[in-house]
Amino acid sequence: MMLWHRTIGKGQNLVLLHGWAFNSDIFIELVDKYKNDYCITVIDLPGHGRSPDVEGDIEDWCNEIIRFIPEKSILLGWSLGGLLSIFIAHQVKIKELILVAASPCLVNNDNWDFGIRREVFDQFAENLKVDSTKALKRFVSLQSKNKSQIQELHHSIQKYPASHSALNDGIEIITQSDLRAEFRDINIPKKCILGKLDTLVPAKIQHWYSDAETKTQVLKSGHLPFLENSFHI
């Protein structure tokens, strides 16, 4: 059993981890933009895209992902991929950690309000269970004004839907993980790129990241800042 992965380009190693219920094709434009500057590895998360299921928790998922991360890599994680990237960067040596629209604790609780409001997340999760393709297409359509971009994303969502067990495991990981302490422990360059219009990970988290010695940047975007022309690694 092996996670689906692909490496393209030349330069220093850059690994991209996508978000929950999507697949690595969401990074097609980003790969195209940077393949002359970096040797880019994209990985489909367990049970997502073309990858088989990996039963278990965040540790089990990350142990599989780590196998495909080259030495001295820059690790970029978007959304759930960002949460996994924090876990990975706390386990193995990487060169730099870049989080995109990500939080070390993705769902709000009593002492944390820099994540997704619980009721918003529960509703989204419910819609995904009913019809994951439709829910994701609707979500993506709200994130971009570029019609051909949206069409391309819709195509990849329809072509490679995540498995039910991966969606459920993803929900568990998202709701159970609080990696704030681990994040503060990571002693490498850290950067976070946020979306000003993001309804899931609020841009106000930039203050928390700044306190945690992390460079932050806020783009005029929703939850997919890497689709913007102004996005730079």
Side-chain angles (χ1 to χ4, degrees), residues 1-6 15-28 42-68 76-88 99-109 115-144 150 152-179 195 198-201 222-224 226-227:
M1 182 190 69
M2 190 181 275
L3 297 183
W4 185 92
H5 61 288
R6 185 167 70 101
V15 178
L16 308 179
L17 295 185
H18 65 83
W20 180 54
F22 288 87
N23 61 71
S24 61
D25 284 1
I26 197 154
F27 292 129
I28 281 174
V42 291
I43 303 167
D44 281 351
L45 298 185
H48 291 65
R50 293 136 287 200
S51 284
D53 284 318
V54 173
E55 284 186 24
D57 56 14
I58 190 167
E59 189 168 3
D60 298 302
W61 277 31
C62 288
N63 285 343
E64 285 302 314
I65 294 165
I66 284 167
R67 292 168 56 188
F68 307 105
L76 182 151
W78 163 62
S79 200
L80 170 59
L83 191 70
L84 300 174
S85 296
I86 294 170
F87 191 94
I88 289 166
L99 302 179
V100 181
S103 162
C105 183
L106 274 168
V107 180
N108 288 345
N109 57 43
I116 306 165
R117 295 207 319 276
R118 189 66 201 228
E119 59 275 20
V120 171
F121 181 75
D122 288 347
Q123 185 58 56
F124 186 50
E126 199 49 52
N127 291 344
L128 269 182
K129 281 179 184 168
V130 175
D131 186 340
S132 67
T133 304
K134 188 178 168 189
L136 290 176
K137 281 182 170 181
R138 192 186 308 130
F139 174 71
V140 161
S141 298
L142 296 172
Q143 305 298 320
S144 172
I150 288 171
E152 205 169 84
L153 293 172
H154 281 187
H155 177 67
S156 79
I157 289 163
Q158 195 141 8
K159 196 172 174 189
Y160 303 115
S163 74
H164 281 294
S165 87
L167 289 175
N168 288 330
D169 287 347
I171 288 175
E172 282 298 301
I173 290 170
I174 289 167
T175 53
Q176 303 302 317
S177 302
D178 184 344
L179 302 180
D198 193 343
T199 53
L200 298 180
V201 177
H223 195 57
L224 306 174
F226 53 86
L227 295 183

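What you see below is based on every heavy atom in this structure, not just the backbone, and it leaves out hydrogens, waters and symmetry mates.
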Just so I know, are the side chains of L153 and L227 near enough to count as touching, which here means a heavy-atom distance under 4.5 Å?
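When only atoms from C-beta onward are counted, L227 and L153 do touch, with a gap below 4.5 Å.
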Please round to the nearest 0.5 Å and tell me the distance separating atom CZ of R6 and atom CG of D44.
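Nearest 0.5 Å value for the CZ-CG distance: 10.0 Å.
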Just wondering, more than 12 heavy atoms not from R50 lying within 6.0 Å of its CZ?
yes
With a 3.5 Å distance limit and no angle check, can you tell me whether S103 reaches the backbone of C105 through a side-chain donor-acceptor pair?
yes
Between the side chain of S156 and the main-chain N/O of I26, is any donor-acceptor distance below 3.5 Å?
no
Any heavy-atom pair between the side chains of V120 and T199 that's under 4.5 Å?
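Answer no - side chains too far apart.
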Closest contact, heavy atoms only, I174 versus V107:
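In terms of heavy atoms, the two residues are closest at CG2-CG2, 3.7 Å.
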With a 4.5 Å cut-off on side-chain heavy atoms, are L3 and P46 touching?
yes
Can a donor-acceptor pair be found, under 3.5 Å and without considering hydrogens, that links the side chain of N108 to the backbone of G115?
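Yes; at least one donor-acceptor contact below 3.5 Å.
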Non-hydrogen atoms of D60 and V54 that approach each other most closely
O-CG1, 3.9 Å
Can you measure from CG (L17) to CG (L80) and round to the nearest 0.5 angstrom?
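Atom-to-atom, L17:CG and L80:CG are 9.0 Å apart.
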Looking only at heavy atoms, which two atoms of D53 and S163 are closest? And how far apart?
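Where D53 meets S163 most closely, the heavy atoms are OD1-OG, 2.5 Å.
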Quick one: are F124 and L136 in side-chain contact, heavy atoms under 4.5 Å?
yes
To the nearest 0.5 Å, what is the distance between CZ on F87 and CG on D57?
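Taking CZ in F87 and CG in D57, the distance rounds to 7.0 Å.
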Can you check whether I66's main-chain N or O pairs, donor with acceptor, with N63's side chain at less than 3.5 Å?
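Flag not set: sc N63 to bb I66 has no pair under 3.5 Å.
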Where do W78 and G19 come nearest, in terms of heavy atoms and distance?
CE3-N, 3.0 Å
How close do A102 and G82 get, counting heavy atoms only, and between which atoms?
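The answer is CB-CA, 3.9 Å.
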How far does CG of L200 sit from CD1 of I116, to the nearest 0.5 angstrom?
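If I round to the nearest 0.5 Å, the distance is 5.0 Å.
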Sub-3.5 Å donor-acceptor pair from the side chain of S51 to the main-chain atoms of G47, do we have one?
no
Side-chain donor/acceptor of H18 to backbone N/O of L45, under 3.5 Å:
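Judged by distance alone, yes, a pair lies under 3.5 Å.
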Verdict with supporting geometry, H223 and D198, side-chain hydrogen bond (donor to acceptor under 3.5 Å, both in side chains):
CA-CA 5 Å; H223 195 57; D198 193 343; 2.8 Å; yes
Side chains of E172 and N168: does their closest heavy-atom pair fall under 4.5 Å?
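Side chain of E172 against side chain of N168, heavy atoms only: no contact under 4.5 Å found.
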So, for P104 and L83, which heavy atoms are closest and what is the spacing to 0.1 Å?
O-CD1, 3.2 Å
N127 vs Q123, side-chain hydrogen bond (donor to acceptor under 3.5 Å, both in side chains): CA-CA, chis, key distance, verdict
CA-CA 6 Å; N127 291 344; Q123 185 58 56; 3.1 Å; yes
Measuring from K159:NZ to D25:CG, what's the distance to the nearest 0.5 Å?
7.0 Å
Under the salt bridge (Lys or Arg N to Asp or Glu O under 4.0 Å) test, residues paired with D122 that sit two or more places apart:
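By the salt bridge (Lys or Arg N to Asp or Glu O under 4.0 Å) rule, D122 matches R118.
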With distance as the sole test, does H5 use its side chain to make a donor-acceptor pair with the main-chain N or O of V42 at under 3.5 Å?
no
Is any side-chain heavy atom of W20 less than 4.5 Å from a side-chain heavy atom of I173?
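Of all side-chain heavy-atom pairs linking I173 with W20, none is under 4.5 Å.
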Hey, mind stepping through W4 and S24 against side-chain contact (heavy atoms from CB on, under 4.5 Å) and telling me if it holds?
CA-CA 9 Å; W4 185 92; S24 61; 3.4 Å; yes
CZ/F22 to CD1/I157 distance, rounded to the nearest 0.5 angstrom?
5.0 Å
Taking C-beta and beyond as the side chain, do T175 and F121 meet within less than 4.5 Å on heavy atoms?
yes
For K137, give me all partners under side-chain hydrogen bond (donor to acceptor under 3.5 Å, both in side chains), at least two apart in sequence or on another chain.
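K137 satisfies side-chain hydrogen bond (donor to acceptor under 3.5 Å, both in side chains) with Q158 once adjacent residues are dropped.
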